[in-house]
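See below for the structure under consideration.
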Amino acid sequence: MNILVVGSGGREHTISWKLAQSPLIEKVVCVPGNGGTAKEPKCKNIVPDASLDSYITIAKNEQCDLAVIGPEDPLAEGLADVFWNAGIPCVGPKKAGAQLEASKDLAKQFMQKYGVACPQSKTFTDKNAADAYIDQHGAPIVIKADGLAAGKGVVVAATVAEAHAAVTDIMESGRVGDAGKKLVIEDYLEGDEISVLAAVSVTPEYAKQGKATIVPFLPARDHKRLMDGAKGPNTGGMGAISPLSDVTPAIMEQFTTDILQPTLKGLIAEQYDYRGFIFFGVMLTKSGPKLLEYNVRLGDPETQAVLPLMDFDLVTLCKAIIDGTLTDFTCTWKKGFQVAPVAVSGGYPGAYAKGKPITVNNAEWNADTHLFIAGAVEKDNTLVTSGGRVLACSAYGDTFEQAWSNAYKALETISFDGMFYRKDIGLPGAATSPSL
């Protein structure tokens with residue numbers, strides 16, 4: 001069978017790579033793909049035009065049996081609806097369900113309505129009212145742009161002054177565009193953050209049949225801050241690890257009871273057609289796991305750490321999501337660890353140069369180490385940078401230490417002008433800010 005994958009980042013490269021491993025797959029059509037997917041066996045890049053209908057044209061021309069949507073923007077725009085209306089099954093929630101990521105305010109209302117454990121928050125459209133709330137509440141406090149902001153719309157403010165500056169930046173500077181016209185101010189929670197990716201198969205019909213379900217994957221941890229020791233500005237993600245030695249079965253059981261099950265209840269009650277993936281951003285607090293946010297797709301760079309640990313066929317999982325048999329699907333996992341540090345362009349998350357040639361010397365890489373491209377394209381048969389987050393080296397090991405060593409040994413064999421990466425992904429204290 002043929003599958004179309006929408007997107008051009010490291011997540012989509014990883015999804016395409018994993019799908020292509022299936023004996024069921026003849027071709028993975030990456031739309032538009034990137035310099036990494038261009039080199040993957042069974043994968044083919046095609047650049048669409050600006051319309052959503054162009055994805056349908058490509059899918060039909062390439063005789064694709066189903067589609068997988070990677071990024072949040074096309075999901076929020078309703079691309080899944082477009083695929084289904086054209087008779088092409090799609091892994092990715094329809095537009096209504098995708099608003100759980102597209103609007104932080106809507107997501108918070110959903111959490112509160114269905115009893116999902118989460119921090120208290122308040123929504124503002126008026127800057128003066130937001131500033132007054134901060135003065136009354138104090139700091140630390142969390143400021144979030146309501147809309148999609150490519151991972152750059154959240155500020156964890158240690159002081160009242162930082163909080164006011166964040167409100168001004170989000171609501172007045174235009175840095176995150178229309179996403180910042182409304183913002184959510186949320187209580188700051190102390191603890192360690194984890195990511196739980198999951199498969200979702202929910203429709204009104206599946207709910208009536210008792211087939212609606214959410215199946216969680218192994219927990220992972222992203223590292224948002226730019227620099228070692230969890231310092232510097234937030235980014236889209238500087239690296240990820242999975243599984244997590246500090247996440248016990250008891251914690252996952254509480255996560256299921258307090259977050260996953262109420263979420264499933266809400267998806268069913270809202271009568272969403274949600275067949276795809278979901279990301280739970282969770283803080284492990286002294287009073288238990290609390291949900292910080294939903295993403296309506298797989299996380300990035302968590303995907304680069306979790307999917308290589310899958311000891312099952314991703315194509316078969318996608319079919320189970322679509323046809324309502326996910327309740328009968330068993331996820332089996334490799335016993336070891338995966339470490340995936342990310343290399344970024346100099347200047348990221350601010351302004352950065354593009355077009356820098358990338359050199360990779362993978363002659364002595366461990367066989368279980370993979371290079372996943374995020375922001376790089378082929379130009380004149382050379383891989384050159386095209387984004388802020390450029391690539392991830394994802395490596396497996398029987399132990400965390402082995403996986404960590406394999407990943408960083410591989411990263412040391414890669415170079416491009418301005419290349420920067422953290423050297424502490426997965427180490428103690430690497431994902432917890434010491435300043436708060």
Side-chain angles (χ1 to χ4, degrees), residues 9-11 13-15 17-18 151 191-198 216-232 234-249 251-252 255 277 279-284 289 292-293 295 298-311 331 333-344 365-372 374 389-412 414 420-434:
R11 166 184 48 232
H13 183 179
T14 312
I15 291 170
W17 164 81
K18 189 63 179 177
D192 292 320
E193 194 170 344
I194 68 169
S195 305
V196 182
L197 315 182
F217 298 160
L218 293 175
R221 178 166 286 128
D222 185 12
H223 297 62
K224 286 291 187 185
R225 297 295 184 115
L226 178 67
M227 295 182 290
D228 288 1
K231 298 178 182 178
N234 271 335
T235 70
M238 295 297 295
I241 61 169
S242 184
L244 306 175
S245 58
D246 60 324
V247 178
T248 64
I251 289 174
M252 288 304 295
F255 159 79
F277 300 108
F279 164 110
F280 298 95
V282 177
M283 185 69 77
L284 303 181
L292 301 178
E293 66 173 349
N295 291 166
L298 294 175
D300 189 338
E302 292 94 339
T303 297
Q304 291 89 305
V306 174
L307 265 61
L309 292 171
M310 287 179 169
D311 201 16
C331 293
W333 302 92
K334 296 178 182 178
K335 299 298 183 183
F337 294 80
Q338 202 80 18
V339 176
V342 170
V344 302
W365 282 21
N366 178 280
D368 290 320
T369 300
H370 307 283
L371 176 63
F372 294 124
R389 289 190 295 166
V390 178
L391 55 88
C393 275
S394 182
Y396 174 83
D398 292 331
T399 64
F400 168 80
E401 292 76 15
Q402 187 181 65
W404 193 92
S405 176
N406 289 339
Y408 276 95
K409 283 180 180 177
L411 203 51
E412 289 171 1
I414 300 172
F420 175 81
Y421 58 91
R422 283 181 57 168
K423 299 174 179 62
D424 65 343
I425 298 301
L427 300 183
T432 304
S433 175

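Note: hydrogens, waters and symmetry copies are ignored here, and every other heavy atom, side chains too, is used.
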Problem set entry | Results of ring pair (Phe, Tyr, Trp, His ring centres under 6.0 Å) for Phe277 - residues two or more places apart only | none

Exercise. What residues, two or more places apart in sequence or in another chain, satisfy side-chain contact (heavy atoms from CB on, under 4.5 Å) together with Thr399?
Worked result: Glu401, Gln402

For this session: Heavy atoms only: give me the nearest Phe400-Ile425 pair and the separation to one decimal.
Result: CZ-O, 4.1 Å

Exercise. Closest approach of Met310 and Lys18, non-hydrogen atoms and distance?
Worked result: O-NZ, 3.0 Å

Exercise. Rounded to the nearest 0.5 Å, what separation is found between the NE2 atom of His13 and the OG1 atom of Thr303?
Worked result: 13.0 Å

Problem set entry | Residue list, side-chain contact (heavy atoms from CB on, under 4.5 Å) with Ala374, at least two apart or on another chain | none

Exercise. What residues, two or more places apart in sequence or in another chain, satisfy ring pair (Phe, Tyr, Trp, His ring centres under 6.0 Å) together with Phe279?
Worked result: none

Problem set entry | Residue pairs involving residues 234-247 (criterion salt bridge (Lys or Arg N to Asp or Glu O under 4.0 Å); sequence neighbours excluded) | Arg221-Asp246

Problem set entry | Which residues share a side-chain contact (heavy atoms from CB on, under 4.5 Å) with Glu412, sequence neighbours left out | Tyr421

Exercise. Can Asn234 and Arg225 be said to form a side-chain contact (heavy atoms from CB on, under 4.5 Å), step by step?
Worked result: CA-CA 5 Å; Asn234 271 335; Arg225 297 295 184 115; 3.4 Å; yes

Exercise. Just wondering, do Ile251 and Leu284 contact through their side chains at under 4.5 Å, heavy atoms?
Worked result: yes

Exercise. With sequence neighbours excluded, what pairs up with Asp424 under the side chain to side chain donor-acceptor pair (under 3.5 Å) test?
Worked result: Arg422

Exercise. Do Ser394 and Val339 come close enough that some side-chain heavy atom pair is under 4.5 Å?
Worked result: no

Exercise. Can you name the closest pair of heavy atoms from Val342 and Pro301 and give their distance?
Worked result: CG2-CB, 4.0 Å

Problem set entry | Derivation of the side-chain contact (heavy atoms from CB on, under 4.5 Å) call for Trp17 and Gln304 | CA-CA 10 Å; Trp17 164 81; Gln304 291 89 305; over 6 Å; no

Seminar exercise, completed: Pro289 and Val282 have their tightest heavy-atom pair at CB-CG1, 3.7 Å

For this session: Could you check if a side-chain atom of Met252 sits within less than 4.5 angstrom of a side-chain atom of Val247, using non-hydrogen atoms only?
Result: yes

Exercise. Step by step, would you call Lys335 with Asp398 a side-chain contact (heavy atoms from CB on, under 4.5 Å)?
Worked result: CA-CA 7 Å; Lys335 299 298 183 183; Asp398 292 331; over 6 Å; no

Problem set entry | Main-chain N/O of Gly281 paired with Ser195 side-chain donor or acceptor, under 3.5 Å | no

Exercise. Quick one: are Phe217 and Leu298 in side-chain contact, heavy atoms under 4.5 Å?
Worked result: yes

Exercise. Heavy-atom distance under 4.5 Å between the side chains of Phe372 and Pro308, does that happen here?
Worked result: yes

For this session: State, with a plain yes or no, whether a side-chain heavy atom of Cys393 is found less than 4.5 Å away from one of Trp365.
Result: yes

Problem set entry | Inter-residue atom distance Leu307.CG - Leu218.CG, 0.5 Å rounding | 10.5 Å

Exercise. For Asp222, what residues pass the side chain to side chain donor-acceptor pair (under 3.5 Å) criterion, not counting sequence neighbours?
Worked result: Lys224

For this session: Would you name the heavy atoms of Met238 and Leu226 that are closest together and state the gap between them?
Result: CE-O, 3.7 Å

For this session: Compare every heavy atom of Ala220 with every heavy atom of Val306, then report the nearest pair and how far apart it is.
Result: CG2-CB, 3.8 Å

Exercise. Do Asp192 and Leu244 come close enough that some side-chain heavy atom pair is under 4.5 Å?
Worked result: no

Seminar exercise, completed: side chain to side chain donor-acceptor pair (under 3.5 Å) filter on Trp404, not counting sequence neighbours, yields none

Problem set entry | Test side chain to side chain donor-acceptor pair (under 3.5 Å) applied to Thr14 - qualifying residues, sequence neighbours left out | none

Exercise. Checking side-chain contact (heavy atoms from CB on, under 4.5 Å) for the pair Asn295/Leu197: CA distance, chi angles, key distance, verdict?
Worked result: CA-CA 9 Å; Asn295 291 166; Leu197 315 182; over 6 Å; no

Exercise. Listed by chain and number, what are the side-chain contact (heavy atoms from CB on, under 4.5 Å) partners of Lys334, not counting sequence neighbours?
Worked result: Leu309, Asp311, Tyr396

